[in-house]
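Have a look at the structure below, then the notes.
Bear in mind that the values here come from a model prediction, so they are computed numbers and not experimental data. In what follows, every heavy atom counts, from backbone to side chain, and hydrogens, waters and symmetry copies are set aside.
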Amino acid sequence: MFAIIDNKYQIDLSKPIDISIPLSNTDENPIAWYIEKPKIEPVVFGNWIGKVSEGSSTNFNNIFFNPHGHGTHTECLGHITREFYSINQCLKQFFFTAELISITPENINGDLVITLKCISTALDVTKGRNTEAIITRTVPNLESKKHKNYSKTNPPYLSEEAAIFIREIGIQHLLIDLPSVDREEDEGKLLAHKAFWNVKDVNNLNQKMKGNCWHTKHFGM
(Lines give C-alpha, C1' and ligand atoms only; values in the text may rest on other atoms or scores of the structure.)
Protein backbone atom coordinates (compact mmCIF):
# COMPACT_ATOMS: atom_id res chain seq x y z
CA MET A 1 0.00 0.00 0.00
CA PHE A 2 1.34 3.45 -0.86
CA ALA A 3 -0.01 6.96 -1.34
CA ILE A 4 0.25 9.31 -4.32
CA ILE A 5 -1.35 12.77 -4.24
CA ASP A 6 -3.29 11.90 -1.08
CA ASN A 7 -4.78 8.78 -2.67
CA LYS A 8 -3.95 5.26 -1.46
CA TYR A 9 -3.12 2.50 -3.93
CA GLN A 10 -2.45 -1.19 -3.49
CA ILE A 11 -0.23 -2.91 -6.05
CA ASP A 12 1.17 -6.40 -6.54
CA LEU A 13 4.88 -5.92 -7.26
CA SER A 14 5.14 -9.56 -8.35
CA LYS A 15 3.02 -8.82 -11.45
CA PRO A 16 4.60 -5.86 -13.24
CA ILE A 17 3.89 -4.95 -16.86
CA ASP A 18 7.12 -4.49 -18.80
CA ILE A 19 6.85 -1.99 -21.68
CA SER A 20 10.57 -1.94 -22.44
CA ILE A 21 12.33 -3.71 -25.32
CA PRO A 22 15.45 -5.81 -24.63
CA LEU A 23 18.61 -4.88 -26.50
CA SER A 24 20.04 -7.38 -28.97
CA ASN A 25 22.63 -7.45 -31.75
CA THR A 26 20.22 -9.02 -34.21
CA ASP A 27 18.03 -7.71 -37.00
CA GLU A 28 15.12 -7.97 -34.55
CA ASN A 29 16.39 -4.92 -32.65
CA PRO A 30 14.56 -1.69 -33.51
CA ILE A 31 16.64 1.04 -35.16
CA ALA A 32 16.20 4.75 -35.75
CA TRP A 33 18.30 7.76 -36.79
CA TYR A 34 20.25 6.08 -39.58
CA ILE A 35 22.55 3.94 -37.44
CA GLU A 36 23.42 0.25 -37.55
CA LYS A 37 22.23 -2.38 -35.09
CA PRO A 38 23.92 -2.66 -31.66
CA LYS A 39 27.19 -4.55 -31.28
CA ILE A 40 27.65 -7.13 -28.54
CA GLU A 41 31.09 -8.71 -28.87
CA PRO A 42 33.41 -10.69 -26.58
CA VAL A 43 36.51 -8.96 -25.26
CA VAL A 44 39.68 -10.18 -26.94
CA PHE A 45 43.15 -10.09 -25.35
CA GLY A 46 45.65 -11.70 -27.70
CA ASN A 47 44.58 -15.34 -28.00
CA TRP A 48 42.06 -15.03 -25.16
CA ILE A 49 38.38 -14.52 -26.13
CA GLY A 50 35.79 -13.73 -23.50
CA LYS A 51 33.34 -16.37 -24.66
CA VAL A 52 32.62 -19.72 -23.01
CA SER A 53 32.04 -21.42 -26.36
CA GLU A 54 35.57 -20.33 -27.35
CA GLY A 55 37.16 -21.88 -24.24
CA SER A 56 36.87 -19.04 -21.74
CA SER A 57 35.47 -19.56 -18.25
CA THR A 58 33.09 -16.61 -18.67
CA ASN A 59 31.16 -14.63 -21.26
CA PHE A 60 32.75 -11.18 -21.09
CA ASN A 61 31.24 -8.77 -23.61
CA ASN A 62 31.62 -5.22 -24.82
CA ILE A 63 28.30 -3.59 -25.74
CA PHE A 64 28.06 -0.66 -28.14
CA PHE A 65 24.63 0.91 -28.52
CA ASN A 66 22.90 4.26 -28.90
CA PRO A 67 20.06 4.82 -26.40
CA HIS A 68 18.13 7.12 -28.74
CA GLY A 69 18.45 4.91 -31.78
CA HIS A 70 18.31 1.38 -30.42
CA GLY A 71 15.18 1.12 -28.32
CA THR A 72 13.57 2.15 -25.07
CA HIS A 73 15.25 4.91 -23.12
CA THR A 74 14.57 7.72 -20.69
CA GLU A 75 15.72 11.27 -21.35
CA CYS A 76 15.65 14.57 -19.51
CA LEU A 77 16.26 18.23 -20.29
CA GLY A 78 19.92 17.44 -20.99
CA HIS A 79 18.89 15.86 -24.29
CA ILE A 80 18.65 19.31 -25.89
CA THR A 81 20.83 21.66 -23.78
CA ARG A 82 24.46 22.71 -23.76
CA GLU A 83 24.57 22.35 -19.99
CA PHE A 84 24.79 18.80 -18.70
CA TYR A 85 21.72 17.31 -17.03
CA SER A 86 21.60 13.63 -16.16
CA ILE A 87 18.42 11.63 -15.73
CA ASN A 88 19.65 10.12 -12.46
CA GLN A 89 20.02 13.64 -11.08
CA CYS A 90 16.53 14.67 -12.21
CA LEU A 91 14.47 11.59 -11.46
CA LYS A 92 14.02 11.16 -7.72
CA GLN A 93 10.50 9.69 -7.52
CA PHE A 94 9.90 6.26 -8.98
CA PHE A 95 6.18 5.51 -8.65
CA PHE A 96 3.64 7.58 -10.58
CA THR A 97 0.00 7.46 -11.50
CA ALA A 98 -0.14 6.82 -15.24
CA GLU A 99 -2.88 6.70 -17.85
CA LEU A 100 -2.66 4.61 -21.01
CA ILE A 101 -4.26 6.23 -24.05
CA SER A 102 -4.62 4.91 -27.60
CA ILE A 103 -4.01 7.46 -30.35
CA THR A 104 -4.71 7.39 -34.08
CA PRO A 105 -2.45 10.11 -35.52
CA GLU A 106 -3.99 12.59 -37.96
CA ASN A 107 -2.76 12.78 -41.56
CA ILE A 108 -1.57 16.36 -42.09
CA ASN A 109 0.09 17.10 -45.42
CA GLY A 110 1.34 13.53 -45.64
CA ASP A 111 2.66 13.42 -42.07
CA LEU A 112 1.07 11.37 -39.29
CA VAL A 113 0.75 13.78 -36.37
CA ILE A 114 -0.39 13.32 -32.78
CA THR A 115 -2.33 16.56 -32.50
CA LEU A 116 -3.85 18.48 -29.61
CA LYS A 117 -7.23 17.08 -30.64
CA CYS A 118 -5.88 13.51 -30.52
CA ILE A 119 -4.51 13.96 -27.01
CA SER A 120 -7.39 15.95 -25.52
CA THR A 121 -9.98 13.55 -26.92
CA ALA A 122 -8.16 10.47 -25.66
CA LEU A 123 -7.62 11.93 -22.18
CA ASP A 124 -11.16 13.32 -21.84
CA VAL A 125 -9.99 16.27 -19.76
CA THR A 126 -13.51 16.88 -18.44
CA LYS A 127 -12.89 14.08 -15.94
CA GLY A 128 -11.08 14.78 -12.71
CA ARG A 129 -7.74 13.00 -12.47
CA ASN A 130 -4.47 12.78 -10.58
CA THR A 131 -2.48 11.53 -13.57
CA GLU A 132 1.24 12.27 -13.43
CA ALA A 133 2.24 10.34 -16.55
CA ILE A 134 0.61 9.37 -19.82
CA ILE A 135 1.51 6.40 -21.98
CA THR A 136 0.56 7.03 -25.60
CA ARG A 137 -0.02 3.92 -27.69
CA THR A 138 -0.32 4.66 -31.39
CA VAL A 139 -2.85 2.75 -33.46
CA PRO A 140 -2.53 0.37 -35.22
CA ASN A 141 -0.57 -1.23 -32.39
CA LEU A 142 1.44 -3.71 -34.44
CA GLU A 143 3.99 -6.23 -33.18
CA SER A 144 6.38 -4.91 -35.85
CA LYS A 145 6.94 -1.76 -33.75
CA LYS A 146 9.35 -3.78 -31.63
CA HIS A 147 11.56 -4.67 -34.59
CA LYS A 148 11.14 -1.86 -37.10
CA ASN A 149 13.87 0.16 -38.81
CA TYR A 150 12.41 3.66 -38.51
CA SER A 151 15.20 5.45 -40.36
CA LYS A 152 13.97 7.52 -43.33
CA THR A 153 10.32 6.53 -42.72
CA ASN A 154 9.14 9.84 -41.17
CA PRO A 155 7.35 8.17 -38.23
CA PRO A 156 4.40 9.82 -36.47
CA TYR A 157 5.28 12.62 -34.08
CA LEU A 158 3.76 15.05 -31.59
CA SER A 159 2.62 18.54 -32.55
CA GLU A 160 3.94 21.52 -30.62
CA GLU A 161 0.40 22.40 -29.49
CA ALA A 162 -0.14 18.89 -28.15
CA ALA A 163 3.13 19.02 -26.19
CA ILE A 164 2.18 22.39 -24.67
CA PHE A 165 -1.24 21.03 -23.69
CA ILE A 166 0.30 17.97 -22.03
CA ARG A 167 2.64 20.18 -20.03
CA GLU A 168 -0.05 22.64 -19.02
CA ILE A 169 -2.43 20.01 -17.64
CA GLY A 170 0.34 18.93 -15.29
CA ILE A 171 1.67 15.79 -16.96
CA GLN A 172 5.25 15.30 -15.76
CA HIS A 173 6.19 12.19 -17.71
CA LEU A 174 5.38 11.48 -21.34
CA LEU A 175 5.88 7.95 -22.61
CA ILE A 176 5.54 7.22 -26.31
CA ASP A 177 5.94 4.22 -28.61
CA LEU A 178 7.82 6.17 -31.29
CA PRO A 179 11.47 7.14 -31.88
CA SER A 180 10.84 10.78 -31.00
CA VAL A 181 8.21 13.34 -30.07
CA ASP A 182 9.45 15.44 -33.01
CA ARG A 183 9.51 14.99 -36.78
CA GLU A 184 12.37 12.86 -38.11
CA GLU A 185 13.69 15.78 -40.18
CA ASP A 186 12.65 19.14 -38.76
CA GLU A 187 15.76 21.31 -39.34
CA GLY A 188 16.67 20.96 -35.68
CA LYS A 189 13.62 22.86 -34.41
CA LEU A 190 12.63 20.20 -31.85
CA LEU A 191 9.36 22.01 -31.23
CA ALA A 192 7.68 19.31 -29.15
CA HIS A 193 10.76 18.66 -27.02
CA LYS A 194 11.10 22.36 -26.23
CA ALA A 195 7.37 22.76 -25.64
CA PHE A 196 7.15 19.85 -23.19
CA TRP A 197 10.20 21.03 -21.22
CA ASN A 198 9.07 24.65 -21.55
CA VAL A 199 12.38 25.75 -23.05
CA LYS A 200 12.51 28.40 -25.77
CA ASP A 201 16.23 29.13 -25.78
CA VAL A 202 18.27 26.06 -24.84
CA ASN A 203 21.48 28.09 -24.86
CA ASN A 204 20.35 30.56 -22.20
CA LEU A 205 18.63 28.49 -19.56
CA ASN A 206 17.82 30.06 -16.22
CA GLN A 207 19.47 28.21 -13.36
CA LYS A 208 16.07 27.46 -11.78
CA MET A 209 15.47 24.95 -14.59
CA LYS A 210 17.74 22.56 -12.69
CA GLY A 211 14.82 21.80 -10.42
CA ASN A 212 12.39 21.22 -13.23
CA CYS A 213 13.95 18.55 -15.42
CA TRP A 214 10.91 16.65 -16.59
CA HIS A 215 11.69 13.70 -18.75
CA THR A 216 10.26 11.65 -21.54
CA LYS A 217 10.60 7.97 -22.05
CA HIS A 218 10.32 6.40 -25.46
CA PHE A 219 9.17 2.83 -25.67
CA GLY A 220 8.15 0.28 -28.27
CA MET A 221 10.42 1.74 -30.93
Side-chain angles (χ1 to χ4, degrees), residues 12-96 98 133 135-138 140-157 173-188 190 193 197 202-203 210 213-221:
D12 185 347
L13 294 177
S14 70
K15 298 179 180 179
I17 299 174
D18 186 1
I19 57 175
S20 66
I21 297 176
L23 190 74
S24 73
N25 61 340
T26 70
D27 292 333
E28 292 295 296
N29 199 90
I31 294 175
W33 312 117
Y34 326 114
I35 58 179
E36 300 297 323
K37 64 186 179 183
K39 294 180 181 179
I40 303 177
E41 301 172 337
V43 173
V44 177
F45 294 127
N47 294 326
W48 185 87
I49 302 175
K51 193 172 183 179
V52 174
S53 63
E54 296 290 336
S56 173
S57 61
T58 59
N59 292 307
F60 184 44
N61 293 316
N62 287 322
I63 301 176
F64 178 84
F65 75 103
N66 183 298
H68 289 90
H70 284 143
T72 51
H73 62 282
T74 303
E75 62 191 28
C76 70
L77 185 66
H79 182 44
I80 60 171
T81 61
R82 287 188 179 185
E83 190 168 353
F84 180 78
Y85 295 92
S86 175
I87 189 63
N88 69 310
Q89 296 170 343
C90 301
L91 185 61
K92 299 300 182 181
Q93 179 185 339
F94 305 104
F95 287 97
F96 307 93
I135 304 167
T136 60
R137 174 175 55 196
T138 52
N141 188 37
L142 304 176
E143 176 70 18
S144 59
K145 288 179 182 178
K146 297 179 181 180
H147 315 293
K148 186 173 180 177
N149 185 338
Y150 286 90
S151 298
K152 300 180 181 179
T153 66
N154 192 28
Y157 57 92
H173 306 281
L174 170 61
L175 296 85
I176 66 171
D177 62 349
L178 298 163
S180 178
V181 293
D182 278 304
R183 196 176 193 273
E184 183 175 29
E185 296 185 11
D186 70 347
E187 301 176 340
L190 298 174
H193 277 91
W197 282 315
V202 297
N203 296 320
K210 287 187 176 179
C213 294
W214 292 346
H215 71 282
T216 63
K217 177 176 179 181
H218 304 247
F219 76 92
M221 281 183 49

Among residues at least two apart in sequence or on other chains, which ones pass salt bridge (Lys or Arg N to Asp or Glu O under 4.0 Å) with Glu143?
Lys146

Could you tell me the separation between the [atom1] atom of [X] and the [atom2] atom of [Y], rounded to the nearest 0.5 Å?
| X | Y | atom1 | atom2 | answer |
| --- | --- | --- | --- | --- |
| Arg137 | Ile19 | CZ | CD1 | 10.5 Å |
| Asn88 | Thr74 | CG | OG1 | 11.5 Å |
| Asn149 | Tyr34 | CG | OH | 10.5 Å |
| Ser24 | Phe65 | OG | CZ | 12.5 Å |
| Leu174 | Ile135 | CG | CD1 | 10.5 Å |

Can any side-chain N or O of Ser180 pair as donor or acceptor with the backbone N or O of Asp182 at less than 3.5 Å?
yes

Side-chain touch [X]/[Y], heavy atoms, less than 4.5 angstrom:
| X | Y | result |
| --- | --- | --- |
| Leu77 | Cys90 | no |
| Ile80 | Trp197 | yes |
| Ile87 | Glu75 | no |
| His193 | Val181 | yes |
| Ile31 | Ser151 | yes |

Contact summary for [X] and [Y], nearest pair of heavy atoms:
| X | Y | value |
| --- | --- | --- |
| Tyr150 | Ala32 | CB-CB, 4.1 Å |
| Glu184 | Lys152 | OE2-N, 2.7 Å |
| Ile35 | Gly69 | CD1-CA, 3.8 Å |
| Thr81 | Gly78 | OG1-CA, 3.5 Å |
| Leu178 | Pro156 | CD1-O, 3.4 Å |
| Asn29 | His70 | ND2-O, 3.1 Å |

Taking atom CZ of Phe64 as the centre, report whether more than 12 heavy atoms of other residues, nucleotides or ligands fall under 6.0 Å from it.
no

Relative to each other, are the rings of His79 and His68 parallel, tilted or perpendicular (30° and 60° limits)?
parallel

Using only heavy-atom distances, determine whether the side chains of Lys145 and Thr138 contain a donor-acceptor pair under 3.5 Å.
yes

Name every donor-acceptor pair, under 3.5 Å, that has one atom in a side chain of residues 36-55 and the other anywhere in the protein, sequence neighbours excluded.
none

